[in-house]
Amino acid sequence: MSEESAGICRVCGEERAPDQEQLGGACPLCATLAKAISERPQLVQRLWAEQYGAVPLLEPDAVRINSEAELPEVLDAKRYRTIDRDSNKWYLSISELNGKPVEVFASTAFDRDHELQSRISNLTTITRLISMVLRHLSLGEPLTYEKCLKQIQRSSRQRNDLPDMLYGVLRRYSIPPVPEKEEGRSQVQGL
């Protein structure tokens with residue numbers, strides 16, 4: 001093959017036949033593979049998993065975000081009413097983007113009950129962290145240690161509640177350590 005008639009596949013870098021120009025610069029093998037990925041991503045994912053282990057693949061038209069701030073102001077959501085073992089009614093709202101869960105909220109009619117305040121701050125921590133994981137899995141939002149710390153800190157309702165204590169301990173592992181945001185936050189003593 002002369003250098004003028006030979007081409008290089010833009011995907012694998014191998015020489016390709018000159019009559020394959022209509023494939024967008026890909027050799028026949030890469031063009032076939034790209035078509036299979038486009039038309040049957042579940043099959044490709046299953047084959048990949050059989051050979052190399054499961055890898056979460058995003059759909060070609062999936063939305064990718066870098067942070068919670070990139071979510072639209074208004075999201076579709078589904079609300080579920082549940083009852084706990086103490087007969088308290090809870091409302092769970094799941095916000096969705098393109099049919100995928102991206103945030104979880106929980107509330108109860110007993111917000112003013114002091115005994116439930118501690119449970120609610122713990123619940124807020126759980127839902128914030130779950131929402132962060134959902135955005136990571138559904139939208140590809142990067143998941144970082146600092147984001148985890150920020151969500152734990154934001155879920156604290158009062159000084160020395162469990163989220164405040166967790167934040168106080170876990171921020172020590174951040175490099176560089178996350179500075180205290182407010183005066184009077186709990187000061188966790190070394191063990």
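Looking at residues two or more places apart in sequence or on another chain, you find no side-chain contact (heavy atoms from CB on, under 4.5 Å) involving Thr32. For Gln51, there are no side-chain contact (heavy atoms from CB on, under 4.5 Å) partners two or more places apart in sequence or in a different chain. By the side chain to side chain donor-acceptor pair (under 3.5 Å) test, Thr125 pairs with Ser155, sequence neighbours left out. Legend: residues meeting side-chain contact (heavy atoms from CB on, under 4.5 Å) with Leu162, ordered by chain and number and at least two apart, are Asn122, Met165, Leu166. Shown here are the side-chain contact (heavy atoms from CB on, under 4.5 Å) partners of Leu29, two or more places apart in sequence or in another chain: Cys27.
Here the options are Leu123, Leu129, Leu134, Leu92, the test is side chain to side chain contact (heavy atoms under 4.5 Å, CB included), and the partner is Val104; only Leu134 passes.
Residue pairs satisfying the salt bridge (charged side-chain N to carboxylate O under 4.0 Å, His left out) criterion with at least one member in residues 25-37, sequence neighbours excluded, are absent.
Taking 4.5 Å as the limit, every side-chain heavy atom of Phe105 sits out of range of all side-chain heavy atoms of Ile94.
Atom NZ in Lys78 sits 11.5 Å away from atom OG in Ser95 (nearest 0.5 Å). To the nearest 0.5 Å, the span separating CG on Leu97 from CG on Asp76 amounts to 8.5 Å. Rounded to the nearest 0.5 Å, atoms CZ (Arg135) and CG (Leu143) are 9.5 Å apart. Going from atom CD of Glu146 over to atom SG of Cys148 covers 9.0 Å, rounded to the nearest 0.5 Å. Rounding to the nearest 0.5 angstrom, the gap separating the CD1 atom in Ile126 from the OG atom in Ser121 is 9.5 Å. Rounded to the nearest 0.5 Å, atoms CD (Gln151) and CE (Met132) are 6.0 Å apart.
In this structure, the side chain of Ser138 engages the main chain of Pro101 through a donor-acceptor pair within 3.5 Å. Side chain of His136 to main chain of Pro142: no donor-acceptor pair is present (N/O by atom type, distance under 3.5 Å, no hydrogens or angles). Formation of a donor-acceptor pair under 3.5 Å by the Asp164 side chain with backbone atoms of Asp161 is not found in this model.
In this structure, Leu43 belongs to a hydrophobic cluster whose other members, linked by side-chain heavy atoms under 4.5 Å apart, are Leu47.
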query = Can you list the steps and then say if Arg46 with Glu50 is a salt bridge (Lys or Arg N to Asp or Glu O under 4.0 Å)?
reply = CA-CA 6 Å; Arg46 190 179 84 225; Glu50 288 175 7; 3.7 Å; yes
message = Apply side-chain contact (heavy atoms from CB on, under 4.5 Å) to residues Arg154 and Lys150 and explain how you reach the verdict.
response = CA-CA 6 Å; Arg154 286 182 172 177; Lys150 185 177 187 179; 2.9 Å; yes
Worked check of salt bridge (Lys or Arg N to Asp or Glu O under 4.0 Å) between Glu103 and Arg128 = CA-CA 8 Å; Glu103 288 183 321; Arg128 281 180 173 273; over 6 Å; no
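Placement of Val169 and Ile152 within a single hydrophobic cluster is found when ILVMFWY residues are connected by side-chain heavy-atom separations under 4.5 Å, directly or transitively. Taking hydrophobic clusters as Ile, Leu, Val, Met, Phe, Trp and Tyr residues chained together by side-chain heavy-atom distances below 4.5 Å, Ile130 shares a cluster with Tyr80.
Shortest non-hydrogen contact noted between Tyr167 and Leu149 is CD1-O, 3.5 Å. Between Thr124 and Thr127, the shortest heavy-atom contact is O-OG1, 3.1 Å.
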